[in-house]
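Step one of this worksheet: look at the structure below.
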Amino acid sequence: MFSIIQTTLKGVFRDRVFQGIMALAVFFLFIPSAASLSMRQVTELSITLSLSLISILLFILALFLGATTIWKDIERRYTFSVLSLPLSRTTYLVGKFFGIALFMLLTALFLGTVSILVIKFSSVLYPPSRPILWSTIIVSIFFDALKYIIIVAVAMLLATVSTSFFLPIFGAISTFLAGTITQQVYEYLQSQSAQKAVSDVVRNAAKLFYYILPNLSGFDLKVHAIYSIPLNSSGLLLTIIYFFVYTGILLAIGSILFERREMK
Amino acid sequence: MSGLFWRPMFLLLVCLIGYVAVLGPFTSYMKHKPVEEKLGYVPSADLLRYSCADYKEVVGAALLMKVTMYFGGLMDKQADNIVSEKPDYLSMSNIIHSALKLDPYNMDGYYFAQSFLVWDVKKYVIANKLLDYGMKYRTWDWYLPFFAGFNNAFFLKDFNKAAEYYKRAGELSGDPLYLSLASRYMQKSGQTDLAIVYLSILENGEKNPAVKKKYQFRLAAFKEVRRIELARDRYKEKKGVLPASLDTLVLSGFLAPPPSDPYGGQFYIEADGKVVTTSMFSFTEAGNSKNKVGETDERH
Amino acid sequence: MNAIEITGLSKQFTGKHMIKIDALKGLNLNIAAGEIFGFLGPNGAGKSTTIKLVMGLLRPTSGAAQIMGLDVSRPESRYNVGYLPENPAFYDYLSAEEYITFVGTQFKMDSTLLEQRTEDVLIRLDLWDARKRPMRGYSKGMIQRVGLAQALVHDPEVYILDEPMSGLDPIGRALVKDIILDLKARGKSVFFSTHITDDVEKVCDRVGVIVKGTLVAVDRVESILRSGVEGYVIHLQATEAESLPFAGIEALRRTESVSEYYVPCSGFNAFMGEVNRTGTNVVLVEMKRRDLEDFFLSLVK
């Protein structure tokens with residue numbers, strides 16, 4: 001397992017993915033000047049822009065790495081040589097996942113450090129009205145990374161059954177979009193007005209989706225970070241547990257499917 | 001590492017149990033996340049416009065959906081008389097403005113903004129500016145000048161402007177009703193009628209159940225006002241003087257059954273005979289005291 | 001215990017329009033310990049399918065296979081195997097040395113032993129100078145040699161090599177033959193597929209021929225070679241004038257001093273009897289036989 005993780009990480013680094021991220025991270029340099037356009041809340045805007053930039057970069061990474069890693073191994077015939085080694089396909093899949101997840105966390109750490117410097121810089125130039133809660137910003141970045149690690153798991157699950165990378169890519173994008181609004185839809189459907197307006201079939205289907213799709217809105221703590229709103233620690237604990245069980249389910253199903261896959 | 005834990009079936013089973021166990025608490029945690037968090041923060045419209053490339057319309061529509069869903073949820077709570085939290089009208093307004101900057105043709109934005117900006121937040125000028133902005137794009141839409149006319153007549157008392165807007169609404173819709181609306185308001189009793197007509201039109205055309213319900217509440221309230229006004233007029237005709245209070249009307253049998261404000265406020269008759277309510281036709285005011293907080297608004 | 005045991009192994013693929021294609025039909029085959037087995041067949045005959053089934057890359061439709069007594073559906077069965085895939089490809093961002101180390105780690109090799117063995121196989125396969133470069137810069141022949149190196153590194157009992165000679169130059173082919181013979185000398189079992197009969201003739205103990213998913217023949221190489229003797233070419237020292245027919249057999253060619261005769265097996269004794277009686281000197285006797293290629297072709301047709 002460890003050597004699969006190590007090999008996956010080596011692959012990601014040697015494909016110059018990290019250099020790509022560093023290049024895109026140049027955008028961070030423009031954040032203070034872009035944020036100064038806001039008259040009243042320069043620091044808040046700096047935080048918003050930094051967190052959003054991290055979010056976008058992690059999303060692209062999650063799609064790119066999650067969807068292509070297994071597909072590439074199959075397409076380039078690496079699977080014949082690797083899966084014929086005395087390791088189970090579960091070990092292979094889970095090892096790959098951990099490798100990518102680790103890379104996502106490392107990237108989040110790197111981008112987080114850069115963004116904290118940027119925010120610090122902005123806050124020195126334009127002191128904010130409310131003190132910045134640094135810990136909240138760090139927690140928010142961490143949960144953002146967790147959110148995208150779920151997307152990696154979704155993409156990898158889809159890649160275990162797909163022969164192309166279209167299903168993983170578009171499946172992961174759809175899951176991401178749906179996952180961010182599923183809570184809102186669920187709450188709307190629970191409401192009285194929806195009881196009348198929406199048919200039972202639609203409501204039950206939506207409920208089913210709510211239970212199947214990942215609930216990603218719980219991982220979005222940007223507002224807390226931007227407006228220095230205190231975090232609900234037991235809620236965060238629940239979110240972390242949710243992350244582990246949901247990712248576990250995805251990986252388990254992915255492994256079961258991948259064990260059955262034919263390497264033609 | 002190929003121990004029991006990594007057997008996928010075992011992992012699946014453990015995680016499924018965990019998922020079922022955590023889902024309940026997690027859902028309830030998500031439900032009780034503070035409102036502001038749920039509406040979320042939306043970057044400024046200018047920033048959005050450049051960052052969402054070809055997808056301005058979609059992003060705009062998504063933002064509007066976010067606001068209506070948020071508002072729909074709160075309305076239900078209010079209907080259940082669990083007035084848990086005040087809607088965050090400021091954020092709602094900001095998001096709608098952003099959405100309309102992205103897609104100035106999206107009618108939902110204007111209609112929805114009008115539905116809460118004037119009655120609940122009393123931002124008549126902002127509402128009218130938004131409507132003017134919309135009229136530049138939705139040149140065929142008679143609702144927008146109709147709204148603007150109503151705002152000018154009913155709230156801002158700028159009758160010249162109101163007449164102008166109503167004329168435009170009349171031309172666009174081809175319905176002479178709107179042309180006569182402004183002049184009708186000049187009569188003292190016209191105000192309530194005007195609001196009833198306005199609300200009936202809106203209520204009829206509204207598809208969003210939460211907003212529709214909102215109109216129905218307000219319409220019911222105005223119909224009650226109209227009923228009181230009619231009773232008041234009959235009383236004056238008979239007795240020659242205005243009734244001293246609402247109770248006088250009820251006790252003397254002019255008003256039966258006694259009026260009830262769907263917003264939970266108290267109707268009363270002012271010294272000049274004007275019928276008003278402590279709720280100011282809004283749930284947000286219902287809890288406030290009798291002094292007219294709502295009047296410290298933008299009416300000038 | 002047999003190195004590889006295959007019983008009733010079948011594989012059906014579902015092609016376009018749900019048509020079932022039999023890639024392998026009820027294969028029964030045992031490879032004894034210490035045996036070098038050549039698996040011959042034309043392209044698309046089911047050689048690679050068989051090997052992928054044995055390596056657990058495909059799941060059999062029916063039947064089973066075991067390696068050193070362990071069922072191939074269990075990953076542990078592969079601890080005893082060194083496998084070279086057909087046209088192999090390896091993580092091209094790794095260097096040969098890194099990849100061999102990665103493979104050795106998967107086989108749970110002790111790190112000092114692994115280091116030693118990595119060095120050995122890299123030198124043996126002439127990859128030592130290139131060992132630090134990423135494999136994306138390697139030639140096809142080098143990749144094939146990396147494939148052999150990673151199959152050899154953990155020194156398993158069984159080797160399954162899919163087309164080990166393909167993509168190699170003559171020096172490389174000689175090297176592979178050398179390696180296989182070396183494994184044979186050390187009592188290892190080798191199962192390799194090829195469509196080149198020459199490879200088989202030189203190194204194999206036994207050979208199996210598969211055509212359209214069915215095993216059509218299994219035999220020892222020597223007996224194929226022996227049964228294939230058809231006659232002899234005999235060179236006699238005789239001038240053109242003296243080159244008479246012997247036992248009714250005419251000379252094929254004549255030079256100034258030597259005449260060349262082709263004698264079928266059945267006429268050999270009579271021919272030689274007459275030659276002896278006339279006292280003619282025999283310069284050369286050459287066995288004329290149907291080779292493996294002909295044997296193979298006759299089965300395929």
Original post:
Taking every heavy-atom pair that is under 4.5 Å apart, which of B:I17, B:L13, B:L12 has the most such pairs with chain A?
Top reply: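 Of the options given, most contacts go to B:L12.
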Original post:
Which heavy-atom pair separates A:A252 from B:P8 by the least distance, and what is that distance?
Top reply: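 Nearest heavy atoms, A:A252 then B:P8: CB-O, 3.4 Å.
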**OP:** Quick one: closest heavy-atom pair of B:M30 and A:S217, and the distance?
**Re:**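 That closest heavy-atom pairing would be CE-OG, 3.3 Å.
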Enter the distance from [X]:[atom1] to [Y]:[atom2] here, rounded to the nearest 0.5 Å.
X: A:T90; Y: B:F10; atom1: OG1; atom2: CZ; result: 13.5 Å
X: A:Y246; Y: B:C15; atom1: OH; atom2: SG; result: 12.0 Å
X: A:I212; Y: B:Y19; atom1: CD1; atom2: OH; result: 8.5 Å

Original post:
In terms of heavy-atom proximity below 4.5 Å to chain A, should B:L16 be classed as side chain, backbone, both, or neither?
Top reply: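 Its backbone and side chain both get close to chain A.
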Original post:
When heavy-atom pairs shorter than 4.5 Å are enumerated against chain B, which of A:I241, A:L250, A:L238 gives the highest number?
Top reply: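 So the answer, after comparing A:I241, A:L250, A:L238, is A:L238.
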Subject >> Heavy-atom pair count under 4.5 Å with chain B, highest-scoring of A:G235, A:G254, A:S234 >> reply: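 The option with the most such pairs is A:G235.
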Original post:
Angle class for the B:F26/A:Y242 ring planes (parallel below 30°, perpendicular above 60°, tilted otherwise)?
Top reply: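 B:F26 vs A:Y242 ring planes: parallel.
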Original post:
Between the side chains of B:T27 and A:Y210, is a donor N or O closer than 3.5 angstrom to an acceptor N or O?
Top reply: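 Their side chains do contain a donor-acceptor pair, which is all the 3.5 Å distance test asks for.
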Original post:
What part of A:T247 lies closer than 4.5 angstrom to a heavy atom of chain B: side chain, backbone, both or neither?
Top reply: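 Nothing of A:T247, per the 4.5 Å heavy-atom cut-off to chain B.
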